[in-house]
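Given the structure is predicted, the values throughout are model-derived calculations rather than measurements. Naming convention: chains lettered A, B, ... in sequence-line order (proteins, then strands); numbering from 1 in each chain. Keep in mind that the numbers below use all heavy atoms, side chains included, and drop hydrogens, waters and symmetry copies.
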2 protein chains.
Amino acid sequence: MDMPSPDYPEVRRLHLFSGMAGEHYGALMRGAYVQNFPPQIELITEGETSDFLHIILSGSVDLFSSWNGRETSIATVRPISTFILAATIRDAPYLMSARTLEKSRIVLIPSQDVRAVFEVDNEFARAIVTELAQRYRAIVKITKNLKLRTSLERLANYLLQQREQAGGASAFDLEFEKRRLASLLGMTPENLSRAFKGLRPYGVSVKGNHIVIDIDKGIERFAKPDPLIDDPDS
Amino acid sequence: MDMPSPDYPEVRRLHLFSGMAGEHYGALMRGAYVQNFPPQIELITEGETSDFLHIILSGSVDLFSSWNGRETSIATVRPISTFILAATIRDAPYLMSARTLEKSRIVLIPSQDVRAVFEVDNEFARAIVTELAQRYRAIVKITKNLKLRTSLERLANYLLQQREQAGGASAFDLEFEKRRLASLLGMTPENLSRAFKGLRPYGVSVKGNHIVIDIDKGIERFAKPDPLIDDPDS
DNA sequence: CGCCGGAATTGATAAATGTCAATCCAATGA
DNA sequence: TCATTGGATTGACATTTATCAATTCCGGCG
C-alpha cells in the first residue's frame with residue numbers, strides 16, 4: 001500500500017511545486033509517501049497537530065467539522081490539490097477534519113519537511129502565498145453565501161454553478177450524496193428535499209441525483225448569481 | 001490630511017514588515033501615504049480591484065459584504081494590522097467592503113508596490129504566508145461558528161470571549177453598537193435583544209452596552225466554548 | 001431643561017428551518 | 001427473486017429566526 005519516494009509528474013507540475021528548486025523538491029519527496037485509502041476513512045481529526053501536508057491525486061475528500069455533537073461539511077477537495085496547508089505552515093492544530101469520500105490516492109509530506117523547505121526555498125514560499133490567498137478567498141465566499149442567502153437561494157446558486165461546470169448543459173448529475181450536499185449548503189437533508197421542490201417553479205426537476213434545468217423558467221433571476229460569491233476562481 | 005513617506009516605527013515592527021530588507025521597506029513606504037478618516041467612510045468597495053494594501057494604525061474598520069440588498073458584517077479590523085491582503089497579492093477584486101467605524105488613521109500602500117516587493121524580498125514573502133495562514137484560520141472559525149451553532153450559542157460564546165479579553169472581569173462593555181454585533185453574529189438586532197434575554201437564566205445581565213456575567217450561573221456549560229472555534233489566535 | 005433623532009426594545013405575527021416518525025425507493029447480495 | 005439496508009422523501013409539528021410596527025430609551029443640542 002505504501003510507496004516511498006513517489007515521483008508523480010503531476011505533483012511536480014502543481015503550481016505549489018512547479019517553481020521550486022529540484023533539490024528541494026527532492027528533499028520533500030524523499031520523506032513523502034503515497035497511500036491508497038478506501039472511502040470513509042478519516043485522514044485528519046480536528047484538534048490534532050499537523051503531521052503531514054496532504055495532496056490528493058485521485059478521489060475526493062470531505063473537509064468537515066464538529067461541535068457539541070453536530071457536524072457540518074465545509075468544503076470538498078478534489079485532485080490535484082493540497083489540503084490543510086495553513087495548519088502545516090503555522091504548525092498549529094487542524095481546524096477541520098478530513099475524510100475520503102471515495103477511494104482516494106493521497107500523498108503525505110511530513111509537515112516539518114514542508115516548513116524546512118519553506119524556510120530556504122523562496123519560490124516555494126511565494127507559491128504558498130498564492131495558494132493560501134486563493135483558499136482564503138474561497139472561504140470568504142463560503143461565509144458570504146451562508147450569511148447573505150437563504151437555503152433556497154444557496155441551492156439555486158449551487159445548481160447554476162454545477163450547470164456551468166457541466167458546460168452549460170441543461171442536464172447533469174449531482175456530484176455527491178444529497179445529505180452531504182445539504183450539509184455543505186448548511187441545511188438538513190429534509191430541507192434540501194423541500195428546497196428542490198421549491199425550485200420546481202423555476203424549471204428545476206430532480207430524479208435521483210439527475211438534475212434537469214429549464215433555464216428559461218427564471219432560475220437565474222431568482223438565484224442572482226454573483227461572481228464575488230459564486231465564481232470558484234478569482 | 002495626506003502625509004507622504006510616513007515612517008511609523010510601529011508599522012516597521014509589524015510582523016509583516018519586520019524581517020524585510022530596509023531598502024525594500026523604504027521602497028514600499030515611498031509610495032505610501034497616511035490618511036485620517038472620519039467615522040463611517042467607505043474605504044473599499046467590494047468588486048473593485050485592489051489599488052492599495054491598507055494598514056490600520058488607530059481606530060477600527062468594519063469588513064462587510066452585500067448581496068441583493070442585504071448586508072452583513074464579516075469581521076472587525078483593529079490596530080495594528082493589515083487588511084485585504086489576499087486581494088492585493090492576487091491582484092483580484094475585493095470580496096468585502098470596508099468602512100471606518102470610528103475616526104481612524106490608515107496607511108495606504110500601492111498594491112503594485114506590494115506585489116513588486118513580494119517578488120524580490122524573500123522574508124516579506126514568508127511573512128505574508130504567516131499572515132495569510134492566520135487569516136485563513138480565522139475565517140474558518142467564523143464559518144464553523146455560523147454553521148454549528150444557534151444564534152443564542154454564538155452570542156454566549158461571544159460574551160465569554162469578550163469577558164476573557166477584559167481579563168476575566170465579571171463586567172465589561174460591548175465594543176460596538178448592538179446592531180453591528182447582531183450582524184457579525186448573523187442575526188437581526190431584534191433577535192439579539194431577545195438573545196440577551198435568553199441568556200439571563202445563565203447569569204447575563206445587560207444595561208445599555210454594559211454587560212455583567214455571573215459566571216456561576218452556568219453560561220460556560222451552555223456555551224461550550226471550543227478553542228478550535230473561539231480562540232482568536234492559534 | 002425639554003426636545004429631537006437614532007438606536008434599542010417589545011409585541012404580534014410570519015417565514016424559514018429543524019426534528020421526528022413513517023414510509024418510499026433503489027442498490028446489494030443471499 | 002426477494003429480503004435487507006441505507007438514503008431520500010413526506011407529513012406533522014416544534015423551534016428558530018425574521019419582519020413589521022409601535023414604543024421606549026438615551027445622548028446631544030437648542
Side-chain angles (χ1 to χ4, degrees), chain A residues 38-40 62 66-73 99 101-103 145-159 173-202 204-211 222-223, chain B residues 38-40 62 67-73 99 101-103 145-159 173-201 204-211 222-223:
Chain A
Q40 305 299 334
D62 183 29
S66 306
W67 178 78
N68 194 26
R70 297 166 213 164
E71 179 183 310
T72 188
S73 285
R99 73 164 78 89
L101 286 168
E102 48 190 316
K103 194 165 163 304
N145 195 31
L146 280 170
K147 289 188 83 174
L148 289 167
R149 287 174 172 161
T150 67
S151 59
L152 202 59
E153 289 164 343
R154 292 196 294 274
L155 176 59
N157 280 291
Y158 174 82
L159 293 176
D173 287 342
L174 293 175
E175 52 187 346
F176 23 63
E177 283 191 306
K178 284 182 185 164
R179 61 196 194 122
R180 216 179 81 74
L181 176 56
S183 182
L184 276 170
L185 294 176
M187 57 179 123
T188 58
E190 293 94 328
N191 236 315
L192 178 62
S193 271
R194 292 172 186 127
F196 272 121
K197 282 196 173 172
L199 292 180
R200 221 145 49 184
Y202 300 102
V204 175
S205 38
V206 186
K207 174 93 178 181
N209 64 354
H210 191 71
I211 308 290
F222 171 76
Chain B
Q40 305 298 335
D62 183 29
W67 177 79
N68 194 26
R70 298 167 213 166
E71 179 183 310
T72 188
S73 285
R99 73 163 78 88
L101 286 169
E102 47 190 317
K103 193 164 163 304
N145 195 31
L146 280 171
K147 288 189 84 174
L148 289 167
R149 289 174 172 161
T150 66
S151 60
L152 202 60
E153 292 164 341
R154 292 197 294 275
L155 176 59
N157 279 290
Y158 174 81
L159 292 176
D173 287 343
L174 294 176
E175 52 187 346
F176 24 63
E177 282 190 307
K178 285 182 184 164
R179 62 196 194 124
R180 216 179 80 76
L181 176 57
S183 182
L184 276 170
L185 294 176
M187 57 179 123
T188 58
E190 293 95 327
N191 235 313
L192 178 63
S193 271
R194 291 170 187 129
F196 272 121
K197 283 194 172 172
L199 292 180
R200 221 149 43 185
V204 175
S205 38
V206 186
K207 175 93 178 182
N209 64 354
H210 191 72
I211 307 289
F222 171 76

ask   = D:dT17 phosphate, OP1 or OP2: any side-chain N/O from B:Asn191 under 4.0 angstrom?
value = no

ask   = Which nucleotide, C:dC20, D:dG7, C:dT9, lies nearest any side-chain atom of B:Glu190?
value = C:dT9

query = Rounded to the nearest Å, what distance is computed from the CG atom of residue A:Leu185 to the P atom of nucleotide C:dT17?
reply = 11 Å

Between D:dG6 (C1') and A:Glu177 (CD): distance, integer Å = 9 Å

task = Please determine if a side-chain N or O atom of A:Lys197 lies less than 4.0 Å away from the OP1 or OP2 oxygen of D:dT10.
result = yes

request  = To the nearest 0.5 angstrom, please state how far the CZ atom of A:Arg70 sits from the CZ atom of B:Arg149.
outcome  = 9.0 Å

task = Please examine the side chains of B:Arg154 and B:Leu146, heavy atoms only from C-beta on, and report whether any two atoms are closer than 4.5 Å.
result = yes

query = Rounded to whole angstrom units, what separation is found between the CZ atom of A:Arg200 and the C1' atom of D:dT10?
reply = 12 Å

remark   = Between CG of A:Leu181 and P of D:dT9 the distance, given in whole Å, is 11 Å

ask   = So does B:Thr188 get a side-chain nitrogen or oxygen closer than 4.0 Å to the phosphate oxygens (OP1/OP2) of D:dT17?
value = no

request  = In whole angstrom, give the distance that lies between atom CG of A:Leu192 and atom P of D:dT9.
outcome  = 7 Å

task = Any chance you could measure B:Leu155, atom CG, to B:Met187, atom CE, to the nearest 0.5 Å?
result = 5.0 Å

inquiry  = Counting only side-chain nitrogens and oxygens, does B:Ser151 get under 4.0 Å of the OP1 or OP2 atom of D:dT17?
reply    = yes

note = From CG of B:Leu174 across to C1' of D:dC26 the rounded distance in Å is 16 Å

request  = First locate atom CG of A:Asn68, then atom OG1 of B:Thr150, and finally report the distance between them rounded to the nearest 0.5 Å.
outcome  = 9.5 Å

task = Could you walk me through whether B:Asn145 and B:Tyr158 pass the side-chain contact (heavy atoms from CB on, under 4.5 Å) test, one step at a time?
result = CA-CA 10 Å; B:Asn145 195 31; B:Tyr158 174 81; over 6 Å; no

request  = Let me know, please, whether A:Gly186 or A:Lys207 comes out on the 5' side of the other along DNA chain C by nearest nucleotide.
outcome  = A:Gly186

message = Expressed as a whole number of angstroms, how long is the span from A:Leu152:CG to D:dA18:C1'?
response = 16 Å

remark   = Out of C:dT17, C:dG18, C:dT10, minimum distance to the side chain of A:Met187 belongs to C:dG18

request  = Report the distance from atom CG of B:Leu199 to atom P of D:dT16, rounded to the nearest whole Å.
outcome  = 13 Å

Polar pair under 3.5 Å, donor/acceptor by atom type, side chain A:Arg194, base D:dG11 = yes

